[in-house]
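Let me begin by presenting the structure, written as structure tokens, before commenting on it.
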Amino acid sequence: MRYISITPEEKKRMLAMIGVDRVEALFDTIPDSVRLTQPLELPEAASETEILDYFKSLAEKNHSTDRWDCFLGAGAYNHFIPTLIDSVISRAEFYTCYTPYQPELSQGTLQAIFEFQTLICQLTAMEVANASLYDGSSALAEAALMALRLTKRPKFLVPSSLHPNYRKVLGTYLANLEVQLEEIPVVKTGGLDLDYLTQSLNDDCAAVVVQSPNFFGVIEDLREITRLSQAAGSLSIVVVTEALSLGLLKPPGELGADIVVGEGQSLGIPLGFGGPNLGFFATQDRYKRQMPGRLAGQTVDSQGRRGFVLTLATREQHIRREKATSNICTNQGLCALICAVFLSALGKQGLRELAEQNLKKAFYLRKLLGDSLEFSGKSFNEMVVRCDENPVEINRQLLDHGIVGGLPLGRYFPDRADQMLVCVTEQNRPEKIQRLAEILTGVEVSS
Amino acid sequence: MRYISITPEEKKRMLAMIGVDRVEALFDTIPDSVRLTQPLELPEAASETEILDYFKSLAEKNHSTDRWDCFLGAGAYNHFIPTLIDSVISRAEFYTCYTPYQPELSQGTLQAIFEFQTLICQLTAMEVANASLYDGSSALAEAALMALRLTKRPKFLVPSSLHPNYRKVLGTYLANLEVQLEEIPVVKTGGLDLDYLTQSLNDDCAAVVVQSPNFFGVIEDLREITRLSQAAGSLSIVVVTEALSLGLLKPPGELGADIVVGEGQSLGIPLGFGGPNLGFFATQDRYKRQMPGRLAGQTVDSQGRRGFVLTLATREQHIRREKATSNICTNQGLCALICAVFLSALGKQGLRELAEQNLKKAFYLRKLLGDSLEFSGKSFNEMVVRCDENPVEINRQLLDHGIVGGLPLGRYFPDRADQMLVCVTEQNRPEKIQRLAEILTGVEVSS
Amino acid sequence: MSRTFKAFQLEEPLIFEKSSPGKSAYSLPPLDVEDLPVEEILDPEDLRDEISGFPEVSEVELISHYTRMSTWNYHVDLGMYPLGSCTMKYNPKLNERVSRIPGIGLTHPLQEDEQSQGNLEILFRLQEYLKQLTGMDDVSLQPAGGAQGELAGILMIRAYHLERRHPRRYVLIPDSAHGTNPASAIMAGYEAIPIPSDPQGRIDVKALAEKMTEEVACLMLTNPNTMGIFETYIEEISRIVHAKGGLIYMDGANFNALMGYARPGDMDIDVLHLNLHKTFSTPHGGGGPGSGPVACKKILSPYLPLPAIRQEGSMYRLDNDAPGSIGRLHAFYGNFGMAVRALCYILTCGREGLKELSEVAVLNANYIRCRLEDHYDLPYSTPTLHEVVFTDSRQNKSGVTTLDIAKRLIDHGFHPPTTYFPLIVRGALMIEPTESYSKEELDAFIEAMIAISQEATENPEKVTGAPADAKLTRLDEVRAARHPVLRWLPDGASSSA
Amino acid sequence: MSRTFKAFQLEEPLIFEKSSPGKSAYSLPPLDVEDLPVEEILDPEDLRDEISGFPEVSEVELISHYTRMSTWNYHVDLGMYPLGSCTMKYNPKLNERVSRIPGIGLTHPLQEDEQSQGNLEILFRLQEYLKQLTGMDDVSLQPAGGAQGELAGILMIRAYHLERRHPRRYVLIPDSAHGTNPASAIMAGYEAIPIPSDPQGRIDVKALAEKMTEEVACLMLTNPNTMGIFETYIEEISRIVHAKGGLIYMDGANFNALMGYARPGDMDIDVLHLNLHKTFSTPHGGGGPGSGPVACKKILSPYLPLPAIRQEGSMYRLDNDAPGSIGRLHAFYGNFGMAVRALCYILTCGREGLKELSEVAVLNANYIRCRLEDHYDLPYSTPTLHEVVFTDSRQNKSGVTTLDIAKRLIDHGFHPPTTYFPLIVRGALMIEPTESYSKEELDAFIEAMIAISQEATENPEKVTGAPADAKLTRLDEVRAARHPVLRWLPDGASSSA
Ligand SMILES: Cc1ncc(COP(=O)(O)O)c(C=O)c1O
Ligand SMILES: Cc1ncc(COP(=O)(O)O)c(C=O)c1O
């Protein structure tokens with residue numbers, strides 16, 4: 001067993017020192033009645049070669065984006081990942097260490113978290129951000145819990161344009177807490193119904209949740225929504241599933257958001273079949289003691305030198321147990337590092353350029369799709385298309401063209417069974433965008 | 001340009017400090033007449049995405065061993081490479097540093113070289129080994145040059161069973177030094193002709209060169225050859241192109257070799273289209289001051305603590321210039337590290353087990369080939385097969401079975417145009433070995 | 001040879017402090033469609049201004065930035081990391097490689113099942129193995145961490161009770177439990193009632209019997225518990241809880257003690273979570289990502305999070321159809337990449353290997369215990385499994401505390417154990433060696449601990465002033481919390497309370 | 001913020017000293033053919049005994065062994081590494097990734113050309129770009145290092161003269177040349193004649209004219225030379241050499257100074273080598289592998305090493321057919337992996353980028369020169385390009401030498417420059433910053449150098465006693481050479497002279 005460093009000989013000596021004769025004796029506190037008597041039904045150890053062969057054979061059974069042009073988005077985006085990221089996160093110094101409980105031995109991780117928090121603040125234009133949460137959906141749930149703590153009000157307004165899986169996770173987290181979720185419909189633009197929102201807002205409202213760009217790809221009028229919300233004494237929680245959009249769009253913090261949560265996967269994290277992802281959480285300074293999750297803070301050592309520590313731990317489960325702001329312990333540390341490296345690598349110019357490429361390439365498709373678009377609202381890199389055929393069927397055809405098509409909306413919205421949510425990123429080649437448009441519209445693209 | 005860290009603004013300030021106005025002025029010592037006036041005809045900078053796409057498209061044009069079962073050996077062997085090797089050598093600490101000229105800042109590299117030298121000594125059963133040479137072939141050439149220095153005799157006996165490319169490199173290095181190379185033929189076993197050798201040995205002989213297992217895969221009678229050589233006052237240079245054989249076969253050092261050189265590629269280094277490889281060089285302690293190449297040695301620091309340095313530098317070009325034992329400067333440092341990691345990972349048991357697997361799988365093919373074998377001598381993992389058809393033609397057929405066949409010997413030996421040198425390693429699957437045998441012999445294998 | 005030496009390392013400012021205009025570390029292909037001005041596509045007022053203070057560095061600087069920072073971390077590849085309850089074992093390189101195979105990692109979670117058969121097989125197979133290892137009937141890999149696994153389990157318990165028309169109010173939690181346990185119970189809408197430990201360090205069965213009522217939804221048990229002690233009276237505990245219609249949740253964070261020796265499923269456990277980032281060798285990543293699969297008995301299967309992964313003939317598919325389910329906990333399927341690594345680990349170790357891991361983990365902990373018990377106070381004489389908890393009570397006499405001992409271990413070249421946890425042990429020093437390290441490494445740790453106990457008497461300032469040999473001396477945590485500086489600001493100013 | 005701080009690091013014995021029976025770090029699949037005893041296949045006397053002292057460690061130990069050792073190295077990703085003549089520039093991560101694409105790296109060198117078209121394209125394309133960059137007519141990528149490139153070039157020159165029936169006897173080599181130059185000349189069967197440098201640090205043209213006879217095969221010139229000085233009189237030099245039928249070899253190790261500014265091909269150079277591991281960013285690997293392509297004018301093309309890579313229509317093929325060739329220098333095609341990286345680098349930088357690299361490399365060197373010339377003696381006032389050589393003559397007055405200054409730089413957190421080379425400069429300190437590092441890093445280096453020059457006067461023992469902050473203090477190199485211990489031996493004994 002190459003992962004064990006004690007030899008049989010040493011085992012014997014150690015057992016002798018301990019004063020037992022067989023290693024089994026060390027397990028004697030386990031009553032016989034619950035002790036395993038027969039061997040587990042597990043395979044024999046496999047060699048490295050066999051394991052690599054096996055996983056490669058599994059890989060062959062997936063339609064991966066290195067071999068297919070993929071137009072799926074919906075909360076997980078196929079973006080460029082600079083090579084240097086893996087060089088950084090493959091350093092054992094970063095990936096094998098624990099949460100930085102001992103700051104003197106963890107300044108690398110702590111400084112990186114501090115930088116990550118700052119970058120998220122810059123990106124969202126918020127005042128504070130935490131060290132990460134599991135993913136965008138649970139970050140939203142945590143934001144709702146925080147809004148509950150802050151407002152003690154029982155109602156959340158949630159648009160139907162929120163990512164349906166986020167909606168479900170929110171439901172799971174709030175299920176037992178005696179709150180209501182009221183749904184706000186969307187209008188023709190694809191944005192949420194502001195009139196409906198106005199009417200629904202009252203002093204029962206803990207928070208208005210709004211995703212922008214929303215699940216249908218449409219950019220919401222955040223300024224107006226946060227204004228309405230604030231007027232009703234409610235908080236506004238802005239959800240961002242496509243974090244790259246923050247490279248270009250006015251950040252929620254400048255538009256009045258109280259809490260901004262979202263998914264950072266776009267920022268350097270491989271699609272990875274949906275995980276690990278990166279939940280981010282930002283809010284205003286005045287709310288920081290109600291935030292969930294870890295926070296790195298700057299301080300000094302006993303000689304006055306700058307250093308970083310985990311701080312405001314009295315919010316956390318390991319100190320406050322049942323009074324904690326959340327149960328979260330392990331978060332998505334390495335993904336936060338990835339995100340920090342990604343943002344630092346792209347930097348001011350690169351992030352903008354990448355975001356613009358997404359906008360322009362998606363707009364190129366929008367133009368090709370013309371009348372087939374379901375919504376009139378402006379979008380970043382996603383859009384909903386009405387199809388003449390069943391979208392699932394269309395996707396099957398697309399496979400023959402080396403294309404993994406968009407998301408058939410019928411999967412989540414029975415009344416949208418004829419629609420497909422399509423995402424275009426910088427990774428999609430123009431030929432494939434054209435081919436997609438042709439198959440979706442039946443009209444040949446002249447190029 | 002992401003590989004440059006000076007901003008345009010900084011450039012200006014630096015130029016001002018230097019006292020010139022344009023950066024071009026710094027090049028004023030280059031006469032106008034030889035200065036480049038028009039831009040180079042090189043492509044524009046390509047992005048990371050484009051570059052990855054390009055190299056992946058090139059990869060598709062190769063028949064690589066991750067997709068084909070490969071029966072080529074002949075000095076480059078397709079062996080298992082433990083994953084941990086790349087983890088070690090991908091540490092920038094190891095791969096980005098220079099030759100350890102400053103020992104206080106290079107103890108990691110130096111200790112690794114010292115370990116490598118020891119491992120090569122253990123493997124070959126020789127007393128000293130250097131820090132590496134370019135590859136097996138130039139290591140042989142350097143050995144010949146050393147034999148010249150030691151004996152001052154003008155003749156080398158070189159068997160026809162020496163790797164033909166090694167023979168060529170030897171020729172290149174010795175071309176201008178007034179020495180003769182006399183060829184020793186092989187006998188039916190595939191081993192060199194001992195009678196011929198006996199007759200050719202005289203006091204003109206600087207060294208007898210012998211490769212074992214030889215180019216035809218046959219294990220030579222090293223004990224007898226070194227005995228004969230020594231009796232004539234000649235040195236013996238043993239060449240090992242398949243270093244893995246040393247995990248099983250009696251090491252040259254126990255059989256009387258004066259110098260053992262070879263190729264370490266088998267020991268953890270990817271095939272890599274033939275390079276980088278790893279020349280190793282080992283000899284007896286009494287010859288160490290005539291060795292080419294770098295040597296790490298143990299010493300102490302001014303406080304008496306153990307440490308390592310490059311030593312016996314008076315053999316080397318940077319100290320002795322034209323009187324150096326060789327011109328070599330940069331060697332194959334990182335490949336030596338790979339080899340050290342590989343040998344330490346496999347260890348005593350693993351190396352033996354891997355070597356045995358090669359032996360047994362090759363023997364399995366030997367049995368299937370039966371009468372088609374050209375030579376009767378014992379072999380490790382390579383053998384020569386006589387074919388009914390043109391081996392190049394056979395190789396074409398094999399491709400259809402996912403097999404990259406052996407080496408058509410006609411490429412090097414016109415009189416062996418009907419023969420193929422086949423290598424079997426632990427990487428070849430039994431089905432493919434069977435298929436190969438079937439196609440080579442025309443006889444179906446019952447399994 | 002002493003374990004450590006002191007040498008220079010390099011400082012490094014914040015990335016923002018290195019930044020200057022005109023540097024960059026990226027390259028993008030040119031836009032390959034029509035290049036319209038952004039303003040023609042979006043309303044100018046929807047566009048953000050340049051992000052002030054955002055980094056601008058070259059690739060070279062970026063790499064040296066993170067490389068330097070990395071050298072300030074202690075980590076598993078460097079040496080023993082005996083952080084109790086965290087199972088800081090070796091993270092195999094093969095896992096990392098396998099998880100980076102493009103066809104596995106470069107896959108979109110919303111592809112049709114037929115397009116993801118490889119990945120679904122990974123999930124399915126891992127589930128099956130975890131069922132076998134734990135003796136439970138069903139598994140969901142969705143929880144993205146241990147705490148989320150707990151939440152899932154408690155939500156399932158609640159759903160179970162709800163279906164029986166009575167969600168109940170309380171969750172019983174031993175006072176030695178991890179903080180996530182009560183926090184998770186609360187998030188599921190319960191109140192937590194602590195159960196004291198008995199003088200042997202186990203759950204006080206009498207107290208349990210007293211608190212156990214029909215208002216109690218479940219007991220949250222950690223087994224072996226956070227003292228490394230097996231809950232030997234598990235059967236009695238189970239009877240007490242089940243007799244009142246309650247269920248038993250097991251925190252399986254300490255499963256590294258049990259593999260091949262005992263299975264929660266055979267102990268009447270109803271639901272548990274595992275930490276793939278502990279027992280199954282996936283890296284801790286400086287704080288995640290982890291993975292906290294939840295495993296349950298049949299009675300709780302209907303409530304498992306969605307989607308489930310099912311095998312139908314030779315096909316795997318995602319199943320969202322379970323009306324009783326607690327629903328989703330994650331936008332997709334949890335931290336899939338960790339599942340890949342865990343499966344790779346199980347296949348590498350195999351049946352025998354996994355058992356040997358637990359065996360050696362327990363052996364090592366007992367070896368440390370036996371060699372240190374003359375030097376440090378052992379609060380419980382009860383036999384322990386994979387970890388051992390000492391206290392600082394002997395060293396207190398010379399004014400040396402657990403914190404001091406921990407910090408002094410740094411100077412001896414070791415990461416400190418977990419400190420002040422479990423809460424019921426005053427000044428706890430919780431040591432979990434795992435199976436990974438050599439006897440030489442264990443001995444060096446033991447000797448460092450012994451040396452510190454001597455220093456505590458002979459030279460206490462050395463201990464209370466530690467660390468002296470780390471990048472920084474002790475950090476002012478009070479100041480960090482009183483005047484929080486949680487981000488860098490361009491003008492050197494800082495957000496503060 | 002000071003550049004360095006001191007903190008503990010971990011010691012580590014030799015791998016042999018960690019070894020004990022029963023540990024292993026490997027796994028192999030079971031043998032999948034008939035398992036005959038080895039003795040039935042081979043003669044027992046052909047089999048070796050167990051290798052005594054061979055390592056036996058676990059994977060965990062192996063990883064921590066090399067990880068700890070790695071931390072004892074200074075390296076390019078950590079900071080500036082101003083080793084003159086070595087061009088210690090950043091080694092792009094993208095190069096490393098590209099070189100590890102399985103379809104490129106997992107290829108056998110003896111496959112038929114049709115099976116290796118991708119790799120042959122890499123070699124061919126790189127050759128074409130190097131031709132363009134150097135202005136030469138032909139390139140071979142076979143030499144596995146700079147020194148082998150030199151050997152190749154000199155052998156080609158010899159072959160050229162031999163074909164003209166007179167191989168000639170001498171090679172003229174400036175006294176400032178790198179040691180490999182004379183060593184290579186000797187290996188090709190020539191005698192080396194040194195040519196002195198003139199007071200400006202250039203080749204003494206008069207002396208050259210005197211030594212240049214019809215017995216001289218070639219002049220081996222380094223340009224810019226090892227002082228970083230361009231050989232401005234290159235045209236006159238060329239006339240002198242060529243007039244006597246001699247050829248000019250150029251050591252192109254310093255090509256990082258010239259890209260986009262000048263081409264050896266336009267300077268009447270007949271043959272040169274480049275160091276891909278200098279100018280073209282392939283990593284130095286702690287001493288290789290490198291790559292030393294040789295480039296030549298048409299007159300020397302027939303002698304290039306074999307095989308050549310040719311394009312025929314849309315196919316690439318290896319060509320072994322050149323009767324005049326000097327033959328092979330490598331069993332296969334040289335260090336192919338380095339060619340992959342170099343091509344990746346050229347494509348990444350592009351025409352403009354390569355020029356900018358040279359520009360900034362020269363700018364940085366001149367900036368350092370200008371900021372240090374008040375503090376260190378500059379032996380030549382001649383303008384320099386990509387590197388600058390100072391001496392220790394000012395510091396000598398207080399007993400401080402180049403060696404001391406170099407060692408003291410370590411304490412300041414920098415890798416020292418090249419020392420005592422070129423040989424013609426007494427106490428040379430040869431600084432080559434390259435284009436990679438930031439101005440902050442250059443400034444920090446400059447300040448460290450200035451601080452040392454102050455220390456040399458004010459506190460010379462600090463300098464002569466350096467390094468104080470490295471893993472070890474100065475090592476006893478004399479002892480190493482007098483009593484060589486070149487390998488570990490099981491009994492702690494050692495081979496010695
Ligand atoms: C006993 C115990 N339970 C639960 C947890 C929580 O696990 P996670 O950090 O993955 O949320 C931990 C981890 O620290 C633990 O030690
Ligand atoms: C000027 C000069 N020439 C030649 C060489 C030799 O190159 P290599 O080390 O690749 O053999 C070097 C390298 O140190 C050098 O600096």
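Chain identifiers are assigned alphabetically (A, B, ...) following the order of the sequence lines, protein sequences preceding nucleic acid strands; residue numbering begins at 1 within each chain. Below, each value reflects all heavy atoms present in this structure, side chains not excepted, and no hydrogens, waters or symmetry copies.
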Could you tell me which portion of [X] (side chain, backbone, both or neither) has an atom closer than 4.5 angstrom to a non-hydrogen atom of chain D?
X: B/Pro43; result: both
X: B/Leu123; result: both
X: B/Asn331; result: both
X: B/Leu177; result: side chain
X: B/Leu407; result: side chain
X: B/Leu343; result: both
X: B/Leu119; result: both
X: B/Gln303; result: both
X: B/Thr311; result: side chain
X: B/Ala336; result: neither
X: B/Tyr166; result: side chain
X: B/Cys70; result: side chain
X: B/Asn277; result: both
X: B/Val309; result: side chain

Atom CD of B/Glu41: over 12 foreign heavy atoms under 6.0 Å: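 Counting neighbours around CD of B/Glu41, 12 or fewer heavy atoms of other residues, nucleotides or ligands fall under 6.0 Å, so no.
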
Mind telling me whether [Y] and [X] have parallel, tilted or perpendicular rings, with 30° and 60° as the class edges?
X: D/Tyr90; Y: B/Tyr3; answer: tilted
X: B/His163; Y: D/Phe332; answer: perpendicular
X: B/Phe273; Y: D/Phe336; answer: perpendicular

Taking side chain as everything from C-beta outward and backbone as N, CA, C, O, which of these in [X] sits under 4.5 Å from a heavy atom of chain B? Side chain, backbone, both or neither.
X: D/Pro467; value: side chain
X: D/Ile101; value: side chain
X: D/Glu352; value: neither
X: D/Tyr367; value: both
X: D/Arg474; value: both
X: D/Leu42; value: both
X: D/His178; value: both
X: D/Leu385; value: side chain
X: D/Leu354; value: side chain
X: D/Leu62; value: side chain

Is a donor on one side and an acceptor on the other found under 3.5 Å between the side chain of [X] and the backbone of [Y]?
X: B/Thr65; Y: D/Thr107; result: no
X: B/Asn165; Y: D/Ala331; result: yes
X: B/His63; Y: D/Ser116; result: no
X: B/Thr29; Y: D/Phe230; result: no
X: B/Thr299; Y: D/Asp476; result: yes

For chain B, the option from [options] that forms the most heavy-atom pairs under 4.5 Å:
options: D/Leu78, D/Ile229, D/Asp35; value: D/Asp35
options: D/Glu235, D/Arg328, D/Met69; value: D/Arg328
options: D/Ile63, D/Asp77, D/Leu347; value: D/Leu347
options: D/Met267, D/Lys355, D/Glu359; value: D/Glu359

Side-chain touch B/Leu40/D/Arg263, heavy atoms, less than 4.5 angstrom: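 B/Leu40 vs D/Arg263: side chains touch.
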
Pairwise side-chain contact, B/Leu337 with D/Tyr66, heavy-atom cut-off 4.5 Å (strictly under):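 The answer is yes; the side chains approach within 4.5 Å.
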
Residue pair B/Glu10, D/Lys439: steps toward the salt bridge (charged side-chain N to carboxylate O under 4.0 Å, His left out) verdict: CA-CA 7 Å; B/Glu10 286 165 344; D/Lys439 181 157 178 302; over 6 Å; no

Non-hydrogen atoms of [X] and [Y] that approach each other most closely:
X: D/Gln148; Y: B/Ser138; value: NE2-CB, 4.1 Å
X: D/Met338; Y: B/Pro276; value: CE-CG, 4.1 Å
X: D/Ser438; Y: B/Ile6; value: C-CD1, 4.0 Å
X: D/Leu486; Y: B/Ala296; value: CD2-O, 3.6 Å
X: B/Tyr98; Y: D/Met88; value: CD1-SD, 3.3 Å
X: D/Ala183; Y: B/Ser326; value: CB-O, 4.1 Å

Stepwise side chain to side chain donor-acceptor pair (under 3.5 Å) test for D/Lys407 and B/Gln102: CA-CA 8 Å; D/Lys407 298 301 181 194; B/Gln102 293 288 341; 2.8 Å; yes

Under-4.0 Å salt bridge between B/Arg35 and D/Asp266: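 Salt bridge absent between B/Arg35 and D/Asp266.
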
Test log, rule side chain to side chain donor-acceptor pair (under 3.5 Å), inputs D/Thr473 and B/Ser302: CA-CA 6 Å; D/Thr473 55; B/Ser302 65; 2.7 Å; yes

Residues D/His65 and B/Gln111: side-chain donor-acceptor under 3.5 angstrom: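 On atom types as modelled, these side chains do not qualify, holding no pair under 3.5 Å.
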
Intermediate values then yes/no, side chain to side chain donor-acceptor pair (under 3.5 Å), D/Gln111 and B/Asn62: CA-CA 9 Å; D/Gln111 289 178 251; B/Asn62 294 327; over 6 Å; no

Full working for salt bridge (charged side-chain N to carboxylate O under 4.0 Å, His left out) between D/Glu45 and B/Lys250: CA-CA 8 Å; D/Glu45 68 185 33; B/Lys250 188 141 293 212; over 6 Å; no

Full working for salt bridge (charged side-chain N to carboxylate O under 4.0 Å, His left out) between B/Lys361 and D/Glu34: CA-CA 8 Å; B/Lys361 292 180 84 159; D/Glu34 193 188 359; over 6 Å; no

When B/Ile219, B/Leu15, B/Asp135, B/Leu295 are compared by non-hydrogen pairs under 4.5 Å with chain D, the top option: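 Top option by heavy-atom pairs under 4.5 Å: B/Asp135.
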
